[in-house]
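Structure first, commentary second.
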Amino acid sequence: MSADFKGKCAVVTGSSGIGLDAGFHLARCGAKVFLGGIDPDLNKAAGERAAGEGLDISIYQLDVSDELSVRNWSNQIAGETNALHALVNAAGLQTYGTAEDTSPDEWDRCMTINLRACYLTSHIFYPLLKAASGASVVHIASVQGHSNQNNVLAYATSKGAVHALTRAMAVDCARDGIRVNSVSPGSIQTPLLEYSASQLAKDGKSIEEMIAAFGASHPLGRVGTTAETSSLIAYLCSDAASFITGSDFRIDGGLTARLGT
Ligand SMILES: NC(=O)c1ccc[n+]([C@@H]2O[C@H](COP(=O)([O-])OP(=O)(O)OC[C@H]3O[C@@H](n4cnc5c(N)ncnc54)[C@H](O)[C@@H]3O)[C@@H](O)[C@H]2O)c1
């Protein structure tokens, strides 16, 4: 059963994959959704789809690494609502590299988009979240914040830090009635996963074959879908999760439950 978000407002970052689907799901559940992403083509497609489905989704050209961009978005939203019930931080990127070959610029880019942006949106939208008297923040982390494959130094570090950010925010924000949780996906079928498959492809395997191989490494035998992440995100944003804060939720088909021996 879907939660009822009628009369509620949600901000979601990321106009493809997990963020896009979460935004559409929340809108179908009745929320007014403000969706921000950096890619103009993705934003245009999301806007056309929202219009086609008759959903109340406003799309914004956003760079989550840029304070002014987030502030301008927040000012625009403040002109349309005086309270935000949900903030979902799903904008992010995958980087590869070790301590030996990750450049300082690549490290900073990963931290700025995957970690700092979760803080930045929370900071800038705080007055609107506080005004909702019972808002929920969901940061999209990763199983790689718990344990990781080789060659993901900056990415795994950023996601482990998102777990710490979630805990720290939950403890502080409780006084304002704001709950803060994170979601740690295993492999989910999105453009980011296709990028990972292209980077890791070997032995002449296609992207589809690589994704099937990722799926086979999950005990449930497949990769997850954005519909599955959206139902968890919507639950965490809903009143049904009113006593849940400071937690991380793995949605990984059992991936991290299995020992690789
Ligand atoms: N798909 C997976 O298997 C998987 C697994 C674990 C964690 N995650 C995490 O989920 C989150 C969403 O990823 P996804 O799989 O939906 O990938 P995705 O590439 O479809 O979505 C990420 C979105 O973030 C946007 N973005 C990137 N930089 C931005 C910026 N500076 N400002 C605004 N938007 C920006 C991209 O344009 C893209 O639309 C990421 O944080 C990712 O690390 C994904």
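All residue numbers refer to positions in the sequence shown, counting from 1. Remember, it's a predicted structure, so these values are computed and weren't measured experimentally. First listed ligand is number 1; within each ligand, the first listed atom is number 1. The figures that follow rest on heavy atoms only: side chains count, while hydrogens, waters and symmetry mates do not.
Using a 4.0 Å cut-off between charged nitrogen and carboxylate oxygen, Lys159 and Asp248 do not count as a salt-bridge pair. With respect to Arg250 and Asp252, no salt bridge is recorded, no charged nitrogen being found less than 4.0 Å from a carboxylate O.
For atom 30 (C) of ligand 1, a protein heavy-atom neighbour is found at a distance under 4.0 Å.
Distances from ligand 1 to the non-hydrogen atoms of Tyr195 include no value under 4.0 Å. Using a non-hydrogen distance threshold of 4.0 Å, Gln189 does not register as a contact of ligand 1.
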Task: Candidate pair Thr112 and Asp108, rule side chain to side chain donor-acceptor pair (under 3.5 Å), full reasoning - done: CA-CA 6 Å; Thr112 303; Asp108 288 348; over 6 Å; no
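Polar contact with ligand 1: absent for Ser187 (N/O pair, distance under 3.5 Å). At least one N or O atom of Ile188, backbone or side chain, sits closer than 3.5 Å to an N or O atom of ligand 1. Here's the thing with Ser142: none of its N/O atoms is less than 3.5 angstrom from an N/O atom of ligand 1. At least one N or O atom of Gly186 sits closer than 3.5 Å to an N or O atom of ligand 1.
Residue Leu42 approaches ligand 1 through these ligand atoms, each under 4.0 Å from one of its heavy atoms: 39 (O).
Which of Gly17, Ser16, Ser15 comes nearest to atom 18 (P) of ligand 1 through a heavy atom is settled by distance: it is Ser16.
Using a distance-only test at 3.5 Å, with no hydrogens or angles considered, no donor-acceptor pair links the side chain of Asp176 to the main chain of Ile178.
For His163 and His139, the ring centers sit 6.0 Å or farther from each other.
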